[in-house]
Amino acid sequence: MPDRTDARATRYWLLKSEPNSFSFDDLWAAPKRTTHWDGVRNFQARNFMRDDMAVGDGVLFYHSSAEPVGVAGVAEVSRAAYPDLTAFDASDPHYDPKSRRDAPTWVVVDVRAVKKLPHFVTLDELRATPGLEELQVLRRGNRLSITPVTAAEWEIIRRLGGLA
DNA sequence: GCCAACGTTGGC
DNA sequence: GCCAACGTTGGC
């Protein structure tokens, strides 16, 4: 019989955001340093949020389509998946008429900023660092906005960023 | 601005 | 169920 009180191991994630739209500093400045990670419209990313993300999971906040590109800060999942209300709003750019209130297609998690990296870790640095060869964001053609990170990768990137 | 990569859509 | 067309992503 599974022990439902057993806390599962913390997982780690890399979340992409275009800083022109929403940067790590924006998250830091938000109320409670927290935001709803809304607007995700990719099923694989949705499944990670819905099925795999739990409160306390570590998040690397990655700036894409920016100068520079790379990891800006560390955050954490502060609330597990719940419906993405932007999907119901016809005036929202992420409106999805196929998502119904009684059967939401899309979900969000809450993400809270924990620490800005003393040293911004650029994409070039990630590429040049042993141990990060399998990091999904380094893969050619990778477009997934939410990808899992191993505990080992998490530690390496934190250290690159100047955290103990 | 370019373009490769990839997910989604829709005709058949 | 196939697959070409299309739209989007994202590094450069």
Side-chain angles (χ1 to χ4, degrees), chain A residues 11-30 35-53 57-77 80-111 113-150 152-154 156-162:
Chain A
R11 291 180 178 141
Y12 305 97
W13 308 93
L14 184 147
L15 268 53
K16 290 183 195 169
S17 185
E18 298 192 14
N20 284 346
S21 308
F22 192 78
S23 68
F24 185 80
D25 287 342
D26 292 332
L27 180 60
W28 193 263
T35 193
H36 320 298
W37 206 261
D38 61 18
V40 171
R41 296 294 179 267
N42 169 285
F43 288 102
Q44 207 177 340
R46 189 273 318 261
N47 293 348
F48 282 140
M49 287 197 287
R50 188 191 61 188
D51 304 333
D52 300 317
M53 283 179 145
D57 281 4
V59 170
L60 298 169
F61 195 109
Y62 178 91
H63 285 180
S64 64
S65 296
E67 181 53 50
V69 167
V71 180
V74 170
E76 66 183 1
V77 175
Y82 58 102
D84 184 347
L85 301 182
T86 67
F88 307 131
D89 178 358
S91 70
D92 191 282
H94 300 292
Y95 176 57
D96 178 3
K98 286 180 288 191
S99 182
R100 305 198 328 261
R101 284 182 183 277
D102 57 350
T105 306
W106 305 109
V107 300
V108 301
V109 297
D110 283 359
V111 173
V114 171
K115 185 85 177 153
K116 183 171 179 169
L117 293 183
H119 170 75
F120 183 96
V121 180
T122 66
L123 183 54
D124 284 348
E125 289 176 280
L126 293 173
R127 287 217 167 94
T129 302
L132 300 182
E133 293 84 0
E134 302 300 316
L135 195 68
Q136 292 199 33
V137 79
L138 301 184
R139 285 221 199 110
R140 180 176 166 79
N142 167 58
R143 288 167 36 190
L144 202 54
S145 64
I146 299 176
T147 49
V149 172
T150 68
E153 291 164 341
W154 167 263
I156 290 169
I157 295 168
R158 277 178 56 91
R159 204 156 295 139
L160 280 177

S.K.: Would you call A:Lys116 and A:Asp25 a side-chain contact if the rule is heavy atoms closer than 4.5 Å?
M.R.: yes
S.K.: Working to the nearest 0.5 angstrom, can you tell me the gap between A:Tyr12 OH and A:Leu60 CG?
M.R.: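 A:Tyr12 OH to A:Leu60 CG: 10.0 Å, rounded to 0.5 Å.
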S.K.: The criterion is side-chain contact (heavy atoms from CB on, under 4.5 Å); which residues satisfy it with A:Asp38, sequence neighbours excluded?
M.R.: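 Applying side-chain contact (heavy atoms from CB on, under 4.5 Å) to A:Asp38 gives A:Asp84, A:Thr86, A:Val108.
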S.K.: Go through A:Phe43 and A:Trp106 one step at a time and tell me if the ring pair (Phe, Tyr, Trp, His ring centres under 6.0 Å) criterion holds.
M.R.: CA-CA 8 Å; A:Phe43 288 102; A:Trp106 305 109; 4.8 Å; yes
S.K.: Taking CD in A:Glu134 as the centre, count heavy atoms belonging to other residues, nucleotides or ligands within less than 6.0 Å. Is the count above 12?
M.R.: no
S.K.: Can you check each nucleotide of nucleotides 6-12 of chain C against protein heavy atoms at under 4.0 Å and return B for base, S for sugar-phosphate only, - for none, in 5' to 3' order?
M.R.: -BBBBSS
